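Keep in mind it's a predicted model, so treat the numbers as computed, not measured.
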Amino acid sequence: MREQPIFSTRAHVFQIDPNTKKNWVPTSKHAVTVSYFYDSTRNVYRIISLDGSKAIINSTISPNMTFTKTSQKFGQWADSRANTVYGLGFSSEHHLTKFAEKFQEFKEAARLAKEKSQEKMELTSTPSQESAGGDIQSPLTPESINGTDDERTIPEVTQNSEPRAEPTQNALPFTHSSAINKHWEAELATLKGNNAKLTAALLESTANVKQWKQQLAAYQEEAERLHKRVSELECMSNQANAVQSHKSELNQKIQELETTLKKKEEEIERLKEEVEHAKDLQDQKDSLSQKLQEVETHNKEMEGQLSDFEQRLEKSQTEQDTFRNNLKTLLEILDGKIFELTELRDNLAKLIECS
């Protein structure tokens, strides 16, 4: 295959509305593969994109093209050959920047290739012009073959002038001049016959050239049609390669997702263990809460008993205070009685002493 993909990416494809020249018309329902192709035979770079079997982009890069970024994820370029403007919407700014860099790189390569081609054409055309200088100055025409009226009269002028010139120089006899005239007449007749043959050959060649041009045009149209068909088939083949490459990328992504899924499953197992541990902690918390309630109930009971004890203690203290008061009163009474007995003893003693 002479044309190979050298860079591929995925984007949404748009074309400018041919009526309004302002609005964008999407040519793909979803993101498709957009590829740069290089034709090593013709030294040409192209941008090609297929939506199924339909070519939605077939743009040949020329040195006068310009790729313009209109936003962070959208870029466009004008194709004068296709008489349209293409637009590409990318998934990220990185993909847009990469595509724009490749566009500039291949545009510069196309410019260099065009300059080299022009230099080669100039080098090949210069020697041919030098070798065919006489033909360029006197092109092959029916007049040049048959001779114009002035050219056809030159031999007659010569045969009239030479007899006048020769006698003065060489003093030749008149019979020699007649022989020269007959010789020139024979040469003239021969030249006229050759001119007639060449004229017929030229007319026949002209007719053949016209026929060959028609056949060449038909062959060129057929070759162009076959070339387009081959290009479409090559694009389809390259699209299949791009699909295979995309499939490989998807397989790699699937493997990455499976690895991530495995890690997530392991994390889920770890979280389950933590949940079970949390349940155990919850059970322990419930048990401790129940024990705490029992302790609180026991504390309440102890507080009740303490209140009873305090009431009893207060009652006992009250009784003790009452007993002390009674005992104090009794002691006071007893002190009075003792005092009275003492006075009675003293009086009895005095009475005894007096008696």
Side-chain angles (χ1 to χ4, degrees), residues 4-14 24-38 47-57 67-76 86-106 235-306:
Q4 295 292 336
I6 52 180
F7 177 78
S8 297
T9 186
R10 292 185 67 81
H12 291 270
V13 180
F14 300 85
W24 289 106
V25 179
T27 56
S28 63
K29 297 180 180 179
H30 50 80
V32 296
T33 301
V34 182
S35 303
Y36 286 99
F37 283 81
Y38 175 63
I47 302 174
I48 296 175
S49 178
L50 296 179
D51 188 6
S53 60
K54 178 184 177 183
I56 56 179
I57 297 179
F67 185 83
T68 305
K69 296 180 182 179
T70 57
S71 67
Q72 292 183 349
K73 298 181 181 180
F74 193 87
Q76 66 183 44
Y86 293 103
L88 296 179
F90 296 89
S91 60
S92 66
E93 185 177 2
H94 172 71
H95 289 86
L96 172 59
T97 303
K98 189 69 174 177
F99 188 88
E101 291 175 353
K102 292 294 182 182
F103 191 98
Q104 186 65 27
E105 176 185 348
F106 300 144
C235 290
M236 293 176 64
S237 176
N238 294 325
Q239 185 72 17
N241 295 332
V243 170
Q244 185 65 27
S245 176
H246 184 60
K247 181 180 178 182
S248 301
E249 293 177 359
L250 290 177
N251 290 332
Q252 185 177 358
K253 288 182 180 179
I254 289 171
Q255 291 178 357
E256 293 176 356
L257 291 174
E258 288 178 350
T259 304
T260 305
L261 181 61
K262 187 176 180 181
K263 291 180 180 179
K264 294 295 183 182
E265 289 178 350
E266 292 176 355
E267 186 176 357
I268 289 171
E269 292 294 332
R270 183 177 60 79
L271 291 175
K272 285 182 179 179
E273 293 178 357
E274 291 181 356
V275 169
E276 291 178 357
H277 182 63
K279 286 183 179 179
D280 295 337
L281 292 176
Q282 186 66 32
D283 294 338
Q284 293 179 3
K285 180 181 177 182
D286 294 339
S287 177
L288 292 174
S289 298
Q290 186 176 359
K291 289 181 180 180
L292 181 61
Q293 289 178 357
E294 292 176 356
V295 170
E296 288 178 351
T297 304
H298 183 66
N299 287 337
K300 288 181 180 179
E301 292 176 357
M302 294 297 291
E303 287 177 355
Q305 293 178 2
L306 181 60

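Remark: side-chain polar atoms of Ser28 are paired, donor with acceptor, to backbone N or O of His30 under 3.5 angstrom.
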Evaluation steps, side chain to side chain contact (heavy atoms under 4.5 Å, CB included), between Phe106 and Ile6:
CA-CA 10 Å; Phe106 300 144; Ile6 52 180; 3.3 Å; yes

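Contact record, Val13 with Ser49: CG2-OG, 4.2 Å, taken as the closest heavy-atom pair. Heavy-atom minimum distance, Leu96 versus Ser71: CD2-O, 3.4 Å. Shown here for Glu93 and Lys73, the closest heavy-atom pair between the two residues is N-CG, 4.2 Å.
Relative ring orientation between Tyr36 and Phe103 is described as perpendicular, the plane-to-plane angle rising above 60° on a 0-90° scale split at 30° and 60°. Aromatic ring pairs are classed by plane angle as parallel below 30°, tilted from 30° to 60° and perpendicular above 60°; the pair Phe74 and Trp24 is perpendicular. Between Phe90 and Phe99, the ring planes are tilted. Angles from 30° to 60° get that label.
Note: Gln284 CD to His277 NE2 = 7.5 Å, rounded to the nearest 0.5 Å. Taken to the nearest 0.5 Å, the CD atom of Glu273 stands 7.0 Å off from the CD atom of Glu276. Here the CG-CG distance, from Asp286 to Leu281, works out to 11.0 Å after rounding to the nearest 0.5 Å. For the atom pair CD of Glu267 and NZ of Lys272, the computed distance is 13.0 Å after rounding to the nearest 0.5 Å. Here the straight-line distance linking atom CZ of Phe67 with atom CD of Gln104 works out to 11.0 Å at 0.5 Å rounding. Atoms OG and CD, from Ser287 and Gln282 in turn, are 11.5 Å apart once rounded to the nearest 0.5 Å.
Of the charged side-chain nitrogens involved, at least one lies within less than 4.0 Å of a carboxylate oxygen, so that Glu274 and Arg270 count as a salt-bridged pair.
Paired with Phe7 under the rule side chain to side chain contact (heavy atoms under 4.5 Å, CB included), one option of Lys102, Glu101, Glu105 passes, and it is Lys102. Remark: of the listed residues Val32, Ile56, Asp51, Ile56 is the sole one forming a side chain to side chain contact (heavy atoms under 4.5 Å, CB included) with Thr27.
Around the NZ atom of Lys69, the shell of radius 6.0 Å holds more than 12 heavy atoms that belong to other residues, nucleotides or ligands. Atom CD of Gln72 is surrounded by 12 or fewer heavy atoms from other residues, nucleotides or ligands within 6.0 Å.
Contact of the Leu50 side chain with the Thr33 side chain is not registered, since no non-hydrogen atoms from C-beta on lie closer than 4.5 Å. Ile57 has its side chain out of reach of Ile48: every pair of non-hydrogen atoms, C-beta onward, lies at least 4.5 Å apart.
No side-chain N or O of Thr97 forms a donor-acceptor pair with one of His94 less than 3.5 Å apart.
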